[in-house]
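Notes follow once the structure below has been shown.
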Amino acid sequence: MKVSLFITCLGDVFYPGVGKDVVEILERQGCEVEFPDAQTCCGQPAYNSGYHKEAKKAAKHMIKTFDSAEYVVAPSGSCAAMFREYEHLLEDDPAWKERARELREKTYEFTQFLVRVLKVESTGAVLHANATYHSSCHMSRLLRETEAPFRLLSNVEGLTLHELPNKNDCCGFGGTFAVKMGAISEQMVEEKVEHVEETGAEILIGADSGCLMNIGGRLQRGGKPVKIMHIAQVLNSRE
Amino acid sequence: MPMKIGERSFDNRVKQGIDNTFMRDAVSSAQARFQSNKAKAEEQLGHWEEWRELSEEIRAHTLENLDFYLEQLSENVTKNGGHVFFASTGEEANDYVKKIAQEKKAKKVIKAKSMVTEEISMNEAFESVGCEVIESDLGEYILQLDDHDPPSHIVTPALHKNKEQIRETFANLKGYEKTSKPEELAQFAREQLREEFLTADIGVTGCNFAVAESGSVALVTNEGNARLSTTIPKTHIAVMGMERIVPTWEELEVLVTMLCRSAVGQKLTSYVTGLSGPREEGDLDGPEEFHLVIVDNGRSNILGTAFQSALHCIRCAACINVCPVYRHVGGHSYGSIYPGPIGAVLTPLLEGYDDHKDLPYASSLCAACTDACPVKIPLHELLIEHRKVITEQEKMTTLSERFAMKGFGMLASSPALFHMAEQAAPAMMSPFTKNGKIESGPGPLKDWTNVRDFPVPEKESFRKWFQNRGKEES
């Protein structure tokens, strides 16, 4: 099975290790992973800020880039969800809308792809740790994927997962929201950090680098000893 | 009270909200209570998603055929012996009710809770012709006593106050001498209000839903105050936003169920009242005269636009009760009597962007509101739609933001430029990097690093790693 990896901006620049884990896991499952080099950004920063002319440019470019892909897999619920918004964004242009529909149908978030398409329940990972999991809003509410990460994590040997209190609450990232509404975002991320601490976990796992960057940055600023890990890193752990 | 509350800037209001720990505790515990009660009510009903779909369908159908149903409603109210007045503005509605008050030589108006009368400042209109206006909803009564403090929530307007503050208000202004026990406070308010009900000349209510097929007004309360307001005074005036209508009693049943469960987690509220016109011969109670004031006040401008679904709202506040932004800043920060996600969508539509352009950005787009809405209004999408209008039509965003976004569009559609920017990132960020993190970033990044660390770009991007890996293998 051929998989085209959509690495996302954050994944490419700040967390390349996550991408390496994704590649390794997928290859171990027998997938042939390709990386369309022309890929850029999904356009979400412009889309969410109301700059739809610019978002359309990004959307059309990404549609073209992944045109020949069999499956598109992204290690981010939010960026994968953005691919699924393209149809709505390009509504007035029937030809592009149709291409956007094709892209939507073959796009998956990484854990979703493992569980729903590859029917994988365990990646054979081992990680002896107490952890908690942050369900990102776009993954659960826009992609409607709430099970896949938990199914995979429940089969990680040695991992004890503690439920995060108020787990459905947003962490306050929201892309440009984090800088545009800094004061409000600060309250949200602080509340999230408090909940993470309540679990007593030493690791916070997530499937969206944006949320992890936000919560992790706040944890670090407060000198909290909680480490952040992308779910791909956990699923590829062998210690 | 007009829709807009206060003159302070959005940032100031937010700061004041965040600093008010008293209020935030009250809001936070109320949200938790509302959420768990709603979840239980959903489960108890079963098939919640199907009920939501049905409700959305009912609202969409009604709004698509609003002219038809309004005409049917108007005919039937008239047939029942009532009077109907279509007000295209708040001013027209107020002039109409002032005329009634003057004709009746009214001295006292008793009111049940109504957001639309808040929206158009109807209390002030009555007061301008010499009427005393008494709010009979307990929450509204408290706020009215407390120097007309604005509502901070559309269902429980005094949500931001705790019982101790309420006790103080009653003690200072009404000579209350008992404790802050809710039962005692409520009993006191009840005694005070009973006298007002008995001596009021006009009863004013809102309208949760008007039923077109029978010309009726349905009211949903837990306190029974709407019943007293509509049965004792000789004149009853019901005021409704023009979209608050259902075709028949069958649809009413569905929406009342959804409203009660979504708003307060109850199967039904203590009182659900259906009123069809004035007292008829042989009736023991009821008003001698009934007026239905149907208020447009900007609503018809929303019809046929991308925002039409905002008019599906049944004012249950489920979106407010799940919103994390609302939780941290409170209702007054929105600067509108309609707070929370629905307020951020509705207020700029009804009052324009000039005073409310920040509201659509007061959301992380987490979509909790959209999921909570019993009539499936895509609230977070409508917030994005507002941002689009602010950006593309109103051109109200800053020059630097427009410039940055233009640059983003160029980068995102040009792989060569995008790769160059990616490659430049580590070097660009290195002056700001200390101990493997960025604690004080430049430009807009400063707003990020004010409250949290920013990660350092890796020297080798994933893209580079993947390219090199291919080379090694071959």
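Protein chains get the first letters and strands the later ones, always in sequence-line order, with residue 1 at the start of each.
- No side-chain donor-acceptor contact under 3.5 Å links B/His328 and A/Glu186.
- A/Leu142 touches chain B through its side chain: at least one heavy atom from C-beta onward sits under 4.5 Å away, while N, CA, C and O do not.
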Trace of the side chain to side chain donor-acceptor pair (under 3.5 Å) decision for B/Arg387 with A/Asn48: CA-CA 8 Å; B/Arg387 297 176 186 187; A/Asn48 284 354; 6.0 Å; no

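- Contacts between B/Arg402 and chain A at a heavy-atom distance below 4.5 Å involve backbone atoms as well as side-chain atoms.
- Between chain B and the residues A/Glu190, A/Met181, A/Glu85, A/Lys57, the most heavy-atom pairs under 4.5 angstrom are made by A/Met181.
- Looking at heavy atoms from C-beta onward, A/Gln39 lies out of side-chain contact with B/Phe418 at the 4.5 angstrom threshold.
- Here the side chain of A/His138 pairs a donor or acceptor atom with the backbone of B/Leu365 at under 3.5 angstrom.
- Between B/Ser461 and A/Val13 the shortest side-chain heavy-atom distance does not fall below 4.5 Å.
- For the residue pair A/Tyr15/B/Glu458, the side-chain donor-acceptor check at 3.5 Å is not satisfied.
- A distance below 6.0 Å separates the ring centres of A/Phe35 and B/Phe462.
- Contact annotation for A/Leu10: neither backbone nor side-chain heavy atoms come within less than 4.5 Å of a heavy atom of chain B.
- Residue with the most contacts toward chain A among B/Glu385, B/Arg327, B/Lys15: B/Arg327 (heavy-atom pairs, distance under 4.5 Å).
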Pair B/Arg452-A/Ser185, side chain to side chain donor-acceptor pair (under 3.5 Å): steps then yes or no: CA-CA 10 Å; B/Arg452 39 178 131 45; A/Ser185 173; 2.6 Å; yes

